[in-house]
2 protein chains.
Amino acid sequence: MSTATVSRALSQPQRVSENTRARVSKAVDVTGYTMNQAARSLRQRVARTVLVALPDIRNPFFSSILDAVEREAARRGYGILVANLYFGHETVWRLQDLLLSNRADGLLLLDGSVNPNHLRLLTDGPVSIPVVLACEEVPHLNYHKVLTDNAVSAERATRHLIDLGHLDIGHIMGPEHNSAAQDRLTGFTRALSAAHLPVNPNWLFRGNFEMESGFAAAARFMALEHRPTAIFAANDESAIGLLSGLRQHGLACPQDISVVGFDDLEVAPHYWPPLTTIRQPRETLGRMAAETLIDLIEGEHRATTPLRIVLSSELIVRGSTARLSSALSSAVQSAI
Amino acid sequence: MSTATVSRALSQPQRVSENTRARVSKAVDVTGYTMNQAARSLRQRVARTVLVALPDIRNPFFSSILDAVEREAARRGYGILVANLYFGHETVWRLQDLLLSNRADGLLLLDGSVNPNHLRLLTDGPVSIPVVLACEEVPHLNYHKVLTDNAVSAERATRHLIDLGHLDIGHIMGPEHNSAAQDRLTGFTRALSAAHLPVNPNWLFRGNFEMESGFAAAARFMALEHRPTAIFAANDESAIGLLSGLRQHGLACPQDISVVGFDDLEVAPHYWPPLTTIRQPRETLGRMAAETLIDLIEGEHRATTPLRIVLSSELIVRGSTARLSSALSSAVQSAI
DNA sequence: CGACGGCATGTAATCGATTGCATTACCAGC
DNA sequence: GCTGGTAATGCAATCGATTACATGCCGTCG
């Protein structure tokens, strides 16, 4: 039997006779044969691997998306190669190398902080590499995207604070060049405007999505002469850092201050106080992003206009937010 | 110029003349050439990729190790392929496939729950695959290992509780077939024995390293007639779940109960109360594991007896443990 | 009966980089 | 000027699976 027949028996069983198929699969069992992937990749010019680039793999938010991506990829016979970009501080060159050298067939980018021009080299170069953006957008790039509606969700979270009677509301922002952070800020200001509340620039704290930045914001918060009674944090980690910092300064949540987070980390319901937050459909997001990318690699959406899949998220009300007690409302105080 | 010369210019620059080297690197710049990794892998029979198999990538403990591994691997020109084993529930077959099909050159196994016999097929088969175990041991396997001393650390953590005057100490265990969990249990009982304290089987709560299992343990804890005054949890996640559950039942930490965790997750210092815990050198562990594996792949430690690198960890005392107030000591109570 | 279509299989080229061996070029020493 | 040695380069085989094309076989239909 020729190698060609064996190859066909394994990859296109319907192309060979019943008999041959049986003989081949028996031989495979006996010898423990496994196909050499390098040879196949070389010939087919395809790696059956996707490159996942994320801002910070240690962050459980991203790693649980990665988990979903891995599962979906495995289901479709793909492996995943992981690259950590450290919030865009790592360059895209390394990615380019991995992609052009035929180690990966496409890029799933979870980091909105990368340089759009560098990224464009990947898709607009001599060979156009399939790219899907997930979680975060990269400005001015018209790629396939799978996102949650950050602005709407942020607006929702902020309105929740307003509904509880809060009039003085601050925000812990994410990293400056991060689209998700920008969208959440947009939603935040939109909610305030809709309620005819001013946006006080002193109450916008720059953060970077990490716990320490929330913790640091607490010190700046305490230094304020006039403090907000509620804070919308751009993610759960900053919310937790903030709460930890405020507690050190003797402020109690939710009695003295209400805090809303974003992401619904695993720890959110078990934190004290349990965190009111926005739950993103992480599993779905990862799965759909992987699906979209693999479809793209296999030539599905090539011709169509870029997809933009927006998933909706959910406000989970827990213990870190409470109705404003009138004694604390500075607005009320000043009205008296 | 022949392709052979170009190949040599790129991979063994000292083998070609100054002049050729310059011409090649110029041409590379101009054309944006990147080597086809599949072709190289095929010829050299090497993938320059390591497979990292871990129990749960969503767990920040593992993902931060993964981060360190990725960094070290990248430094040495290797990519990483990630496989999630879900605490050994996924079989080793998929790994075997990846390894034998030349997609990865070696296995870094962070999961001690896999079936040792299946694993042995990888190393004792016709082709022996380099394997390094990290974090967790697999029983009866004499491979290279990079570990923290779980037993000693657990003993240390437990002794801390004893030193605070606690006499009734419980333990939230990890998954049954997990070596790290077993070692931590061993350390726990060793510390009790050394202090001539009995190990009360009612105070050993089976967990699985996840938050929910700690939370569930809280209910069983509350149902006890005679309750311990301190708990050593096999990891921070179970500690946090436990604390969350106990709080729901009205118990305050550390006034009513002291809790020690293990791992020093990022959230540990920001939890309430801040968690007393064991800090493992995660970065170092990941880096050394990757180093060892890549050395092994490149033929370094092949002949030598398996390395066993044990890293020491550190007790971090924070707010979740306190001296036993005599009013609460059941031992004291019964003595009255 | 002969032609033709469809199926199963074999033959050989192909993917792109590496590498053993052969060849050429160049230099030093006699 | 010739020889021996070394350095630089070229030639061609090689890795293992895939696949275009060719071949052979069988059954059907005009």
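We name chains A, B, ... by the order of the sequence lines, and we start the count at 1 in each one.
Rounding to the nearest 0.5 Å places CD of A:Q37 at 9.0 Å from CG of B:N102.
A salt bridge does not link B:E291 with B:R71: none of the charged nitrogens is closer than 4.0 Å to a carboxylate oxygen. Ion pairing between a basic and an acidic side chain is recognised when a charged N comes within 4.0 Å of a carboxylate O; B:E18 and B:R23 show no such pairing. Salt-bridge check for A:R45 with A:D105: failed, with every basic side-chain N at 4.0 Å or more from each acidic carboxylate O. Looking at A:E70 and B:R94, a side-chain N of the basic residue comes within less than 4.0 Å of a carboxylate O on the acidic one, giving a salt bridge.
Between the axis at the start and the axis at the end of the helix from C:dC1-D:dG30 to C:dC30-D:dG1 there is an angle of 60°, using five pairs per end and rounding to 10 degrees.
Judged as a salt bridge (charged side-chain N to carboxylate O under 4.0 Å, His left out), and not counting sequence neighbours, B:R120 has no contacts.
Side-chain polar atoms of A:S63 and B:R58 form no donor-acceptor pair below 3.5 angstrom. Counted by atom type alone, B:E298 and B:Y78 present one or more donor-acceptor pairs between their side chains at under 3.5 Å. Side-chain contact, A:N19 with A:S17: no donor N or O sits under 3.5 Å from an acceptor N or O. One side chain, B:T148 or B:Q280, offers a donor N or O that lies under 3.5 Å from an acceptor on the other.
Without hydrogens or angle criteria, B:T49 side chain to B:A104 main chain gives no donor-acceptor distance under 3.5 Å.
If you measure from atom CE of B:M1 to atom P of D:dA8, you get 13 Å, rounded to the nearest angstrom. Regarding A:R15, its CZ atom lies at a distance of 10 Å from the P atom of C:dT9, rounded to whole Å. Note: CD (B:Q12) to P (D:dT9) measures 13 Å, nearest angstrom. Separating the CZ atom of B:R8 from the P atom of C:dT19 is a distance of 10 Å, rounded to the nearest angstrom.
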Please tabulate the protein-to-nucleotide N/O contacts below 3.5 Å involving nucleotides 15-17 of chain D, giving atom names and distances.
unit_1 : atom_1 : unit_2 : atom_2 : d
D:dC15 : O3'    : B:R45  : NH1    : 2.5
D:dG16 : OP1    : B:R45  : NH1    : 2.9
D:dG16 : OP1    : B:R45  : NH2    : 2.8
D:dG16 : N2     : A:A39  : O      : 3.4
D:dA17 : OP1    : A:Y33  : OH     : 2.5
D:dA17 : OP1    : A:N36  : N      : 3.4
D:dA17 : O5'    : A:Y33  : OH     : 3.4

Between protein and nucleotides 26-28 of chain C, what N or O pairs are separated by less than 3.5 Å?
none

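A residue-by-residue look at B:S2 and A:A4 shows that B:S2 has its nearest nucleotide of DNA chain D further toward the 5' end.
Closest approach of B:A68 to B:G286, counting heavy atoms only: CB-CA, 4.0 Å.
Sorted by first and then second residue, the side chain to side chain donor-acceptor pair (under 3.5 Å) pairs involving residues 25-36 of chain A (not counting sequence neighbours) form an empty list.
A heavy atom lying under 4.0 Å from DNA chain C marks none of the residues of residues 16-23 of chain B.
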